[in-house]
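Bear in mind the structure is a predicted one, so any value in this text is a computation, not a measurement. In this chain, numbering begins with 1 at the start of the sequence shown. Remember, it's 1-based here, ligands and their atoms both numbered in the order they're listed. No hydrogens, no waters, no symmetry mates; every other heavy atom, side chains included, goes into these values.
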Amino acid sequence: MSSLRIAVVGAGLAGVSAASALREDDHQVFVFDKSRGCGGRLSSKRTPMGGFDLGAQYFTARDSRFRHALQHWLDSGWVAEWTPRLYCYDDTGLHESPDDQQRFVGLPGMSALPRQLLADVTLTSQTHIERLHPVEPGQWMLEDKTGVTHGPFDRVVVAVPAPQAVVLLEPAPTLQQTVAQISMSPTWTLAVAFDQPLATSVDACFVRGGPLDWVSRNSSKPGRHGSDSWVVHSTPAWAADHLEASPESVTAHLLEALSEVLGTALPEPACTHVHRWLLARPDDKRNWGALAAPELGLYVCGDWCLDGRVENAWLSGQQTARTLV
Ligand code: FAD
Ligand code: NAI
């Protein structure tokens, strides 16, 4: 196939995965994202107290194709294995919960992986694509929120969370209806750093019951520098109940819950940061892999085509690239 001009809307791992595969296939790929950089829910925040992973905390690798790519990322130093002292907190309290599962993190933060994968691709950031316009047969223009148009492109890949994809898929009503079936739930993230390390051996904890879902000692991950830093995630239900709560109130609630899980009073934090993920995870699993209206040159991918995990976002992007070529 001769070289195509392909637009990818969304620079999360699904979009990055599709873009890098299509670029390797010698197509001209142009990625657009509404945020300042790439990575989407693989997000890392730099602070004077060190970096924090605000979204995905780690990833596991079960599919052989993903494991193959992972080996290259390990060899390149983009990711490393994380072996936390794992705990579980439930109605019996806090207890160790070791397992044999391998878990991996980006270096020095989770956003490093999409950044590395996108190195050879043109990224136009801070560009919120609002509409896709079919122009000449088989050609597309992209209109952003400021009214500027980009293109023309031979193909468009939409790689954004399902509720955001629905808006863009107006020119493909059947595809739009399919994607509209997907709902996604929120999560509140609290990142907190302390001047002195907390007196606990917990590196990570799966939480069952109460407002929290997950606790991790961010600074226990490889390649992280700085002070004793922690990331906690609320459950989707707690986030839904506190969607409009103030950052101060969310911080206070989640710090209290962290103290309860760890079974220790917390000192005054050196810094805190909260982030609200409105579309954190899909509510249901699908086995779509990726979706497409090939007759229109329109392709759709994202974790929600499978299940809300890093590995699935990458697999969905790969499937889109395979279908497109
Ligand atoms: P996204 O990462 O959401 O990327 C979509 C991109 O599209 C974003 O960059 C967004 O800015 C952009 N965008 C949206 N609309 C537009 C538009 N109109 N124009 C331009 N750009 C647009 N997974 C794991 O495997 N392990 C974990 O530990 C884990 N923990 C998680 C914790 C949290 C709090 C969250 C939120 C997610 C977690 N996940 C975890 C899930 C994982 O992060 C996702 O499955 C994966 O990152 C999704 O990638 P994606 O490319 O499909 O979507
Ligand atoms: P995984 O295999 O480590 O965990 C999957 C699930 O198994 C965990 O959520 C936990 O409930 C359970 N589990 C695993 N090991 C355990 C142990 N040692 N002790 C007790 N329970 C254990 O990772 P996988 O399958 O790659 O899942 C990704 C993770 O990402 C999940 O934890 C999921 O909850 C999280 N996630 C969070 C989102 C959010 O919005 N907060 C969004 C999407 C994923």
Student: So which heavy atom in the protein is nearest atom 43 (C) of ligand 2, and how far is it from that ligand atom?
Tutor: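 Closest protein heavy atom to atom 43 (C) of ligand 2: Gly308 O, 3.1 Å.
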Student: As a test of the contact definition, would atom 6 (C) of ligand 2 count as having a protein heavy-atom neighbour under 4.0 Å?
Tutor: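 Flag for atom 6 (C) of ligand 2 set to false, no protein heavy atom closer than 4.0 Å.
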Student: Heavy-atom distance from atom 29 (C) of ligand 2 to the protein below 4.0 Å?
Tutor: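 Yes, there is one.
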Student: Can you confirm whether or not the ring centre of Trp82 sits under 6.0 Å from the ring centre of Phe59?
Tutor: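 Judged by ring-centre distance (under 6.0 Å), Trp82 and Phe59 do not meet the cut-off.
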Student: When you measure from the heavy atoms of Phe59 to every atom of ligand 2, does any distance fall below 4.0 Å?
Tutor: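 Phe59 does not count as a contact of ligand 2 under the 4.0 Å cut-off.
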Student: If you look at every heavy atom in Asp26 and Ser3, which pair is closest and at what distance?
Tutor: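 Looking at all heavy atoms of both residues, the closest pair is O-OG, 3.1 Å.
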Student: Working note: Phe153 + Trp140, criterion ring-ring contact (aromatic ring centres under 6.0 Å, His included); need CA distance, chi angles, decisive distance, verdict.
Tutor: CA-CA 5 Å; Phe153 300 105; Trp140 291 91; over 10 Å; no
Student: Provide, to 0.1 Å, the distance between atom 40 (O) of ligand 2 and the closest protein heavy atom, together with that atom's residue and name.
Tutor: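 Among all protein heavy atoms, the one nearest atom 40 (O) of ligand 2 is Thr187 OG1, 2.8 Å.
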Student: Show which atoms of ligand 2 fall inside a sub-4.0 Å distance from at least one heavy-atom site of Leu86.
Tutor: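 Here the atoms of ligand 2 in question are 18 (N).
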Student: For Asp99, counting its heavy atoms only, list the atoms of ligand 2 lying under 4.0 Å from any of them.
Tutor: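 Near Asp99, the atoms of ligand 2 are 15 (N), 16 (C), 17 (C), 18 (N).
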Student: Between the side chains of Glu311 and Arg67, is the shortest nitrogen-to-carboxylate-oxygen separation below 4.0 Å, so that they form an ion pair?
Tutor: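 No salt bridge links Arg67 with Glu311.
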Student: Distances for all N or O pairs of ligand 1 and the protein under 3.5 Å?
Tutor:
{"residue": "ligand 1", "atom": "2 (O)", "partner": "Arg41", "partner atom": "N", "Å": "2.8"}
{"residue": "ligand 1", "atom": "3 (O)", "partner": "Arg41", "partner atom": "NE", "Å": "2.8"}
{"residue": "ligand 1", "atom": "3 (O)", "partner": "Arg41", "partner atom": "NH2", "Å": "3.3"}
{"residue": "ligand 1", "atom": "9 (O)", "partner": "Asp33", "partner atom": "OD1", "Å": "3.3"}
{"residue": "ligand 1", "atom": "9 (O)", "partner": "Asp33", "partner atom": "OD2", "Å": "2.6"}
{"residue": "ligand 1", "atom": "11 (O)", "partner": "Asp33", "partner atom": "OD1", "Å": "2.7"}
{"residue": "ligand 1", "atom": "11 (O)", "partner": "Ser35", "partner atom": "OG", "Å": "3.1"}
{"residue": "ligand 1", "atom": "18 (N)", "partner": "His128", "partner atom": "NE2", "Å": "3.4"}
{"residue": "ligand 1", "atom": "18 (N)", "partner": "Ile129", "partner atom": "O", "Å": "2.8"}
{"residue": "ligand 1", "atom": "19 (N)", "partner": "Ile129", "partner atom": "N", "Å": "3.0"}
{"residue": "ligand 1", "atom": "21 (N)", "partner": "Lys34", "partner atom": "N", "Å": "3.1"}
{"residue": "ligand 1", "atom": "23 (N)", "partner": "Val310", "partner atom": "N", "Å": "3.4"}
{"residue": "ligand 1", "atom": "25 (O)", "partner": "Val310", "partner atom": "N", "Å": "2.8"}
{"residue": "ligand 1", "atom": "26 (N)", "partner": "Tyr58", "partner atom": "O", "Å": "2.7"}
{"residue": "ligand 1", "atom": "28 (O)", "partner": "Gln57", "partner atom": "N", "Å": "3.1"}
{"residue": "ligand 1", "atom": "28 (O)", "partner": "Tyr58", "partner atom": "O", "Å": "3.4"}
{"residue": "ligand 1", "atom": "45 (O)", "partner": "Asp303", "partner atom": "OD2", "Å": "2.7"}
{"residue": "ligand 1", "atom": "45 (O)", "partner": "Arg309", "partner atom": "N", "Å": "3.3"}
{"residue": "ligand 1", "atom": "45 (O)", "partner": "Arg309", "partner atom": "O", "Å": "3.3"}
{"residue": "ligand 1", "atom": "51 (O)", "partner": "Leu13", "partner atom": "N", "Å": "3.1"}
{"residue": "ligand 1", "atom": "51 (O)", "partner": "Ala14", "partner atom": "N", "Å": "2.9"}
{"residue": "ligand 1", "atom": "52 (O)", "partner": "Asp303", "partner atom": "N", "Å": "3.0"}
{"residue": "ligand 1", "atom": "53 (O)", "partner": "Arg41", "partner atom": "NH2", "Å": "3.1"}

Student: Holding to ring pair (Phe, Tyr, Trp, His ring centres under 6.0 Å), I want the full list of residues that pass it with His68, two or more places apart in sequence or in another chain.
Tutor: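 Partners of His68 under the ring pair (Phe, Tyr, Trp, His ring centres under 6.0 Å) test: none.
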Student: Quick one: does Gln57 get within less than 4.0 Å of ligand 2, heavy atoms only?
Tutor: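 In this structure, Gln57 fails to qualify as a contact of ligand 2 - no heavy atom is under 4.0 Å.
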Student: Quick check on contacts: which atoms of ligand 2 are under 4.0 angstrom from a heavy atom of Ala280?
Tutor: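 So the atoms of ligand 2 that pass are 40 (O), 42 (C).
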Student: What part of Tyr58, side chain, backbone, both or neither, has a heavy atom within less than 4.0 angstrom of ligand 2?
Tutor: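 Only the side chain of Tyr58 comes within reach of ligand 2.
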Student: Give a yes or no answer on whether the side chain of Ser20 reaches the backbone of Ser17 with a donor-acceptor pair at less than 3.5 Å.
Tutor: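 It does hold such a pair.
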Student: Thinking salt bridges, do Arg286 and Asp307 make one under a 4.0 Å N-O criterion?
Tutor: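 Here Arg286 does not pair with Asp307 in a salt bridge, since their nearest N and O are not under 4.0 Å apart.
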Student: Which residue holds the protein heavy atom closest to atom 8 (C) of ligand 2, what is that atom called, and what is the gap in Å?
Tutor: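 Its nearest protein heavy-atom neighbour is Phe206 CE2, 3.3 Å.
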Student: Can you confirm whether something in the protein, heavy atoms only, sits under 4.0 Å from atom 11 (O) of ligand 2?
Tutor: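 So far as the 4.0 Å threshold goes, atom 11 (O) of ligand 2 is in reach of a protein heavy atom.
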Student: Indicate, as side chain, backbone, both or neither, the part of Arg208 found under 4.0 angstrom from ligand 2 when only non-hydrogen atoms are considered.
Tutor: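 The answer is the side chain of Arg208.
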Student: Using 0.5 Å steps for rounding, measure from the CG atom of Leu296 to the CZ atom of Arg155.
Tutor: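 If I round to the nearest 0.5 Å, the distance is 10.5 Å.
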Student: So is Glu311 close enough to ligand 2, meaning a heavy atom under 4.0 angstrom away?
Tutor: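 The answer is no, since Glu311 has no heavy atom less than 4.0 Å from ligand 2.
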Student: Can a non-hydrogen atom of Tyr87 be found less than 4.0 Å from any atom of ligand 2?
Tutor: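 Per 4.0 Å heavy-atom rule, Tyr87 does not contact ligand 2.
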Student: Determine the minimum heavy-atom distance between Gly308 and Asp303, stating which atoms define it.
Tutor: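 Taking every non-hydrogen atom into account, CA-OD2, 3.4 Å.
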Student: Which protein heavy atom lies closest to atom 19 (N) of ligand 2, and at what distance to 0.1 Å?
Tutor: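 The closest one turns out to be Ser97 OG, 2.6 Å.
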Student: Note the single closest protein heavy atom to atom 34 (O) of ligand 2, along with its residue, its atom name and the distance in Å.
Tutor: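 The protein heavy atom lying closest is Arg281 NH1, 3.5 Å.
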Student: Would you say Arg41 touches ligand 2, if touching means a heavy atom closer than 4.0 Å?
Tutor: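 Judged by the 4.0 Å heavy-atom criterion, Arg41 does not count as contacting ligand 2.
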Student: Which one of Val8, Leu4, Thr122, Leu123 satisfies the side chain to side chain contact (heavy atoms under 4.5 Å, CB included) criterion with Val29?
Tutor: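 By the side chain to side chain contact (heavy atoms under 4.5 Å, CB included) criterion, Val29 pairs with just one of Val8, Leu4, Thr122, Leu123: Val8.
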Student: Quick check: Tyr58 with Trp214 (ring centres under 6.0 Å apart)?
Tutor: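 Distance test on ring centres: under 6.0 Å, yes.
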Student: Output every pair passing salt bridge (charged side-chain N to carboxylate O under 4.0 Å, His left out) with a member in residues 42-55, not counting sequence neighbours, ordered by first then second residue.
Tutor: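 Output for this query lists Asp53-Lys221, Asp53-Arg224.
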Student: Show your working on side chain to side chain contact (heavy atoms under 4.5 Å, CB included) between Leu254 and Trp238 and close with a plain yes or no.
Tutor: CA-CA 10 Å; Leu254 297 187; Trp238 192 89; 4.0 Å; yes
Student: Under 4.0 Å, heavy-atom basis, I'd like to know which part of Arg62 is in contact with ligand 2: side chain, backbone, both or neither.
Tutor: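 Near ligand 2, Arg62 shows its side chain, while the N, CA, C and O stay back.
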Student: Going by the side chain to side chain contact (heavy atoms under 4.5 Å, CB included) test, name the single residue among Asp33, Leu42, Leu117 that passes it with Val16.
Tutor: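 For Val16, the side chain to side chain contact (heavy atoms under 4.5 Å, CB included) check succeeds only for Leu117.
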Student: Regarding ligand 2, does Thr60 bring an N or O atom to under 3.5 Å of one of the ligand's N or O atoms?
Tutor: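 Yes - when backbone and side-chain N and O of Thr60 are compared with those of ligand 2, one distance drops under 3.5 Å.
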Student: Could you tell me, atom by atom, which parts of ligand 2 come under 4.0 Å of a heavy atom of Arg103?
Tutor: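 So the atoms of ligand 2 that pass are 3 (O), 14 (C), 15 (N).
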Student: Output yes when a side-chain donor or acceptor of Thr47 lies under 3.5 Å from a complementary backbone atom of Met49, and no otherwise.
Tutor: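 Side chain of Thr47 to backbone of Met49, a donor-acceptor pair under 3.5 Å: yes, one is there.
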Student: Does any pair with a residue in residues 190-213 pass side chain to side chain donor-acceptor pair (under 3.5 Å), and if so which ones, sequence neighbours excluded?
Tutor: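 Side chain to side chain donor-acceptor pair (under 3.5 Å) check on residues 190-213 returns Arg85-Asp203, Tyr87-Ser201, Asp213-Arg281.
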